[in-house]
Amino acid sequence: MSGPRVAIVGVILESNRRSPPAGEEDFRSLYWLEGDEIMEACRAESPFVALESSAFVKAMDATGPWEPVPILLAASHPAGPIEADLIDAFVARIGAGLEAAGPLDAVYISNHGGMTAMNGEDPDGEIIAATREAVGPDTPVVVTLDLHGNISERMVDDCDLIVGYRTNPHVDMVERGEEAAMSLRLILAGLAVPKSAFIRLPLTPASVALLTAEGPYADMIDYGQRRQAEMAGEILNVSLFGGFVFSDVSKNGVAIVVTARRNVAKARALAREIAERGWEDRARFRKRLMSIADAVAMALDRDRDPVIFSDSGDNPGGGGTGRTTAFLKALHEAGPQDVLYGSFYDKPLAEAAHAAGEGATISARFNSHSGGPDDLPFEVEAEVVGLHSGDVVGRVGSEQGRTLRLGPSAALRIGGITVVVISDRSQTRDPVFFEMFGLDIARAHTVVVKSRGHFRAGFLPWFPPERVFEIDTDGFTSPVLERFEWAGLPRPVYPLDEDTAWTAPSW
Ligand SMILES: [Zn+2]
């Protein structure tokens, strides 16, 4: 095989300081791949790996000869900081793999960007720096990141190009993987010698205020894209990171990374333009939620159109346990009809339902095992109305076409509420979580999901934005930032501190 030799590495984790640390089992249960199994996983039609990793490989395959050098790809669901020994092992494995690989023409890194470690707050930076160290200053290093990445100077300095998602809910992973591959082809052909500018604002909005359909963040992204299009000959990429506030580290803050084809002055000027507009607009990054009491009243109201509620304090996609019960209990006590509730992460309960069989009535014990402070036990009589292996393929939105492995799953009917129980700590962002049991979303009067925002894409066919409500529930991902004690955020920071000041870099 001829063509450029491109190494592939990546460790994907979004870390919430309050969630239990991410250890080996968290990665083994989602994926941890080395060597050739990486290529097989990336080339699959419905990959279980991150869609941008897969799209990068497929785009490289489609655009000419290349020789992939797959080293390590691993991912965990969002959790707490990664354990110290584990990140050290990943960094060492990547460094050793790159050094053993022989001459390389480039490296592709598929990370999230929002990882923290028990022994450091910038493991993404550590991976990028270790890569640079191994391959030297002249080998291009291209990185894809989630828009919830928290960006450090080191991350920008030690690679050639960062390509971040531009949509929240995330639906552009394939495009961004393809963009990374196409940009790498340009760089390898000598048509771009990337130079990046980086600005981080003292602005840490909750994720519910970082939507890209409309709002202040959408306006920033749209402006960046418009300016990039106007300067297409000069600018290679504009990535605007909303960040993940729950990482709670000093590098938190909305980050602007602009990469010029050659001229760093162009990148700096555009980064400053975007940052100044975003900062001017900061008051719009506040958002109000609906109380549980109002949501329950709404669930009982039959004279309205169907709605969907986000159990926003307990989003497994942000490190939530997926097991808080307050909202479910409140709904059950009120007794609304035609409610679909998904998905509760409770393996023992799913197994009990499988053991009892479809049609059985069981005493459903939610949270029979220990959990977080809001994972309170709840016992109720339930009918088992559906059972499934949990092996499904995402149908709509951010997981469309991706293989999901939810483990033994069950649908339990509790009065007028049908609760989906799963065995993987996964956020409910796709209709398949209900459809795998034959449940009809179109016939529900109220749908409740343990997801912060990605469900908006998956459930858009039934629920346009005006029928979406974010409910103020407790948990590790509550968007009410004032309720938490923060340990690492840069202070002052907006919106927590009203009197936060910022001035643009003078360079
Ligand atoms: Zn994200």
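Numbering of ligands and ligand atoms starts at 1, following listing order. Side-chain atoms are counted along with the backbone in the values below, which use heavy atoms only and exclude waters and symmetry mates.
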Closer than 2.8 Å to the Zn ion (ligand 1): does that hold for any N, O or S atom in His170? yes
Working for ring-ring contact (aromatic ring centres under 6.0 Å, His included), residues Phe90 and Trp32: CA-CA 10 Å; Phe90 278 146; Trp32 177 328; 4.9 Å; yes
Kindly give the atom name of the N, O or S atom of His148 closest to the Zn ion (ligand 1). ND1
Hey, is there an N, O or S on Glu14 sitting under 2.8 Å from the Zn ion (ligand 1)? no
Give a yes or no on whether Lys347 atom NZ has more than 12 heavy-atom contacts from other residues, nucleotides or ligands under 6.0 Å away. no
Per residue Asp146, nearest N, O or S atom to the Zn ion (ligand 1) is named OD1
Taking both backbone and side-chain atoms into account, decide whether His454 has an N/O/S atom under 2.8 Å from the Zn ion (ligand 1). no
For the residue pair Phe455 and Phe459, categorise the inter-ring angle as parallel (less than 30°), tilted (30 to 60°) or perpendicular (more than 60°). tilted
Without hydrogens or angle criteria, can the side chains of Asn168 and Arg452 be said to hold a donor-acceptor pair below 3.5 Å? yes
What heavy-atom pair brings Gly322 and Pro316 nearest, and what distance separates the two atoms? CA-CG, 3.7 Å
